[in-house]
Amino acid sequence: MREIGHFINGARVPGTSGRFADVYNPATGEVQARVALASAAEIDTAVKGAAIAQPFWGATNPQRRARVLMKFVDLLNRDMDKLATALSREHGKTLPDAKGDVIRGLEVAEFCVGAPHLMKGEFTDAAGPGIDMYSLRQPLGIAAGITPFNFPAMIPMWKFCPAIAAGNAFILKPSERDPSVPLMLAELMLEAGLPEGVLQVVNGDKEAVDAILDHPEIAAVGFVGSTPIAQYIYGRGCSAGKRVQCFGGAKNHMIIMPDADLDQAVDALVGAGYGAAGERCMAISVAVPVGEETADRLIEALIPRVESLKIGPYTSGNDVDFGPVVTKAAQERILGLIDRGVEQGAKLVVDGRGFRMQGYENGFFVGACLFDRVTTDMDIYRQEIFGPVLSTVRARSYNEALDITMRNEYGNGTAIFTRDGDTARDFAARVNVGMVGINVPIPVPLAYHTFGGWKKSAFGDLNQHGPDAFRFYTRTKTVTARWPSGTKEGASFSIPTMD
């Protein structure tokens, strides 16, 4: 059985805790490796190595740090197929989707090449008599990232690229469900010229997470995952005096107005609802058509499209629409929520519960499901399903549709499909959700804007990537300087004021 360890001080090392977790092939249900689960002592070893490496790296010219990321981008492009294959083998997503996972992380690395500009401070000449004032943006020291299974390439790069570009060392604790790609990324960073110890990858479970949150040398922690865990990490990390940003669950709504281009809306819903088997925090899981006629037309158009979706393992080729979910537990949870939806009175117009793939009967597949006439008190609406399930909640008016969206406890992403500019502008201005799409189903900002939700989808004051990332991974120091002019004025015992 292949064993996956950690990446510490520039090399892969085996685990020493004696604890392991199974790594599955979601398409076959087979255990393909086991990953070491770090102890608190192993986390401490990684932090000590990072503490040795960080001062030199933090003192390195920002442009030289940026050159490492430039080389890293080249290496990502060189190894794109290798990374995508490894990602698909452990996660289950299709190869084109796996490449997209890598590319969206690569784009953040490209943005971070601009770190020399983003690290610039401010300067005021002659702030007072003979006094200059300026600010420095300096690294925090050691930061950490705790990242989820659903984007094992993208989200680690969202975390470590800006942190490292800003001069920090970084401890990455990726998901133990698909750990291979983060280790490969660390090796590529080393090949790109990153000094040993600046990026450490330590696999683990709650024991490793708690060790990160409690370690006094770690100044900041970023997390992406479920809302309950986000709340736990935010609370414990803040209590330990750390800077913390946590991104949690989602229940993303897409409003379809009567004047919307229905073909465009259907295409958007199918891709955004079922891509990656729905295992995206930005997936559209709730369609909100406005008016009974709009809803009837939408369901009529969706049914054949959903029924014709092609499901299979990543080895089936690039025309597969989505693959299995990540674990047997996830499969069982999704199927259980679908059953509860039927029991609670929702209309299951496309039932994928019986999907079985010949030759892959033990794989973690869930067929595409489409619900109509879902109400907001049902479990399938209230809970984040994280599977290939789209729920339709009918609204009588635009204001009712907006109210449904705004009353949901999550606020990650939302979208509206309409031809009316006034409605679109009103929606964008009023909706209490962090990322908004107008005729765009998954409104994930590009790397030079920031990514972050509202309400129970995010905890902390600063978002991921874009300028916010450099604010998060640095602290500002303000210097007031006065050089002797040769004139001795004596001591002043009053607070300085502007005369």
Side-chain angles (χ1 to χ4, degrees), residues 22 24-29 88 90-94 97 148-152 175 177-178 224-229 248-254 269-287 302-303 306-307 309-314 320-357 360-393 408 410 412 442:
D22 290 334
Y24 289 89
N25 181 331
T28 65
S88 294
E90 291 182 352
H91 177 279
K93 64 177 65 177
T94 66
D97 198 29
F149 75 87
N150 59 326
F151 286 98
S175 172
R177 297 175 189 172
D178 42 14
V224 177
S226 69
T227 288
I229 306 301
K251 199 71 179 180
N252 304 319
H253 296 59
M254 187 176 116
L269 279 170
V270 170
Y274 299 100
E279 292 178 319
R280 294 170 175 162
C281 67
M282 291 297 288
I284 293 293
S285 54
V286 182
L302 278 172
I303 288 173
V306 175
E307 289 177 336
L309 288 172
K310 185 175 181 180
I311 306 167
Y314 76 94
V320 173
D321 294 310
F322 67 88
V325 296
V326 69
T327 62
K328 182 71 172 177
Q331 180 193 45
E332 291 173 349
R333 179 181 177 276
I334 294 162
L335 292 172
L337 280 167
I338 296 166
D339 290 343
R340 292 215 296 278
V342 174
E343 292 166 5
Q344 292 173 356
K347 186 178 180 181
L348 186 57
V349 294
V350 178
D351 186 353
R353 289 175 294 179
F355 178 83
R356 298 289 184 275
M357 184 159 192
Y360 295 87
E361 290 81 5
N362 294 322
F364 310 139
F365 292 95
V366 179
C369 292
L370 173 63
F371 277 102
D372 191 14
R373 300 194 181 277
V374 173
T375 57
T376 58
D377 60 339
M378 294 177 179
D379 289 346
I380 54 169
Y381 175 81
R382 294 174 59 250
Q383 296 188 33
E384 184 179 26
I385 299 176
F386 230 57
V389 182
L390 179 64
S391 297
T392 306
V393 178
N408 192 271
Y410 296 112
N412 211 40
I442 304 181

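In this structure, Tyr410 and Asn252 have side chains that are not in contact, with every pair of non-hydrogen atoms separated by 4.5 Å or more. Between Met357 and Pro313, some side-chain heavy-atom pair lies under the 4.5 Å cut-off. Residues Tyr360 and Ile311 fail the side-chain proximity criterion, which asks for heavy atoms closer than 4.5 Å. In this structure the side chain of Tyr314 never reaches within 4.5 angstrom of the side chain of Val320, judged on heavy atoms. In this structure, the side chains of Asn150 and Val326 stay at 4.5 Å or more apart for every pair of heavy atoms. A heavy-atom distance below 4.5 Å is found between the side chains of Ile334 and Val325. Counting only heavy atoms from C-beta outward, the side chains of Leu337 and Val389 never approach each other to under 4.5 Å. Looking at Leu302 and Val270, their side chains come closer than 4.5 Å, going by heavy atoms from C-beta outward.
Here the OG-NZ distance, from Ser391 to Lys251, works out to 5.5 Å after rounding to the nearest 0.5 Å. A distance of 13.0 Å separates NZ of Lys310 from CZ of Phe322, quoted to the nearest 0.5 Å. Expressed to the nearest 0.5 Å, how far CZ of Arg353 lies from SG of Cys369 amounts to 7.0 Å. Here the CD-CG distance, from Glu279 to Asp97, works out to 10.0 Å after rounding to the nearest 0.5 Å. Atom CD of residue Gln344 and atom CG of residue Asp339 lie 11.0 Å apart, to the nearest 0.5 angstrom. Taking CG from Leu370 and CD from Glu307, the interatomic distance works out to 9.0 Å, rounded to the nearest 0.5 Å.
The minimum heavy-atom distance between Ile380 and Ile385, with the atom names listed, is O-CD1, 3.6 Å. A pairwise comparison of heavy atoms in Ser175 and Pro148 identifies CB-C, 3.6 Å as the closest pair. Of all heavy-atom pairs spanning Ala346 and Val374, the tightest one is CB-CG2, 3.9 Å. What you find for Arg373 and Met378 is that their closest heavy atoms are O-CE, 4.0 Å. Closest heavy-atom contact between Pro324 and Ala27: CG-N, 3.7 Å. Nearest heavy atoms, Arg280 versus Gly271: NH1-O, 3.6 Å.
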Kindly indicate, with the supporting measurements, whether the criterion side chain to side chain contact (heavy atoms under 4.5 Å, CB included) is fulfilled by Met254 and Leu269. CA-CA 8 Å; Met254 187 176 116; Leu269 279 170; 3.4 Å; yes
Stepwise side chain to side chain contact (heavy atoms under 4.5 Å, CB included) test for Val224 and Phe151: CA-CA 10 Å; Val224 177; Phe151 286 98; over 6 Å; no
Using side chain to side chain contact (heavy atoms under 4.5 Å, CB included), reason through Asn412 and Met282 one step at a time and then give a plain yes or no. CA-CA 7 Å; Asn412 211 40; Met282 291 297 288; 3.2 Å; yes
Go through it in stages, so that I can follow the logic: the residues are Tyr381 and His253, the test is ring-ring contact (aromatic ring centres under 6.0 Å, His included), and I'd like the CA-CA distance, side-chain angles, deciding distance and then a yes or no. CA-CA 10 Å; Tyr381 175 81; His253 296 59; 5.5 Å; yes
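Under the 4.0 Å criterion applied to side-chain N and carboxylate O atoms, Asp178 and Lys93 are not assigned as salt-bridge partners.
With hydrogens and angles disregarded, no donor-acceptor distance shorter than 3.5 Å links the side chain of Glu90 to the backbone of Arg177. Of the possible donor and acceptor atoms, none in the side chain of Ser285 sits under 3.5 Å from a partner among the backbone N and O of Leu390.
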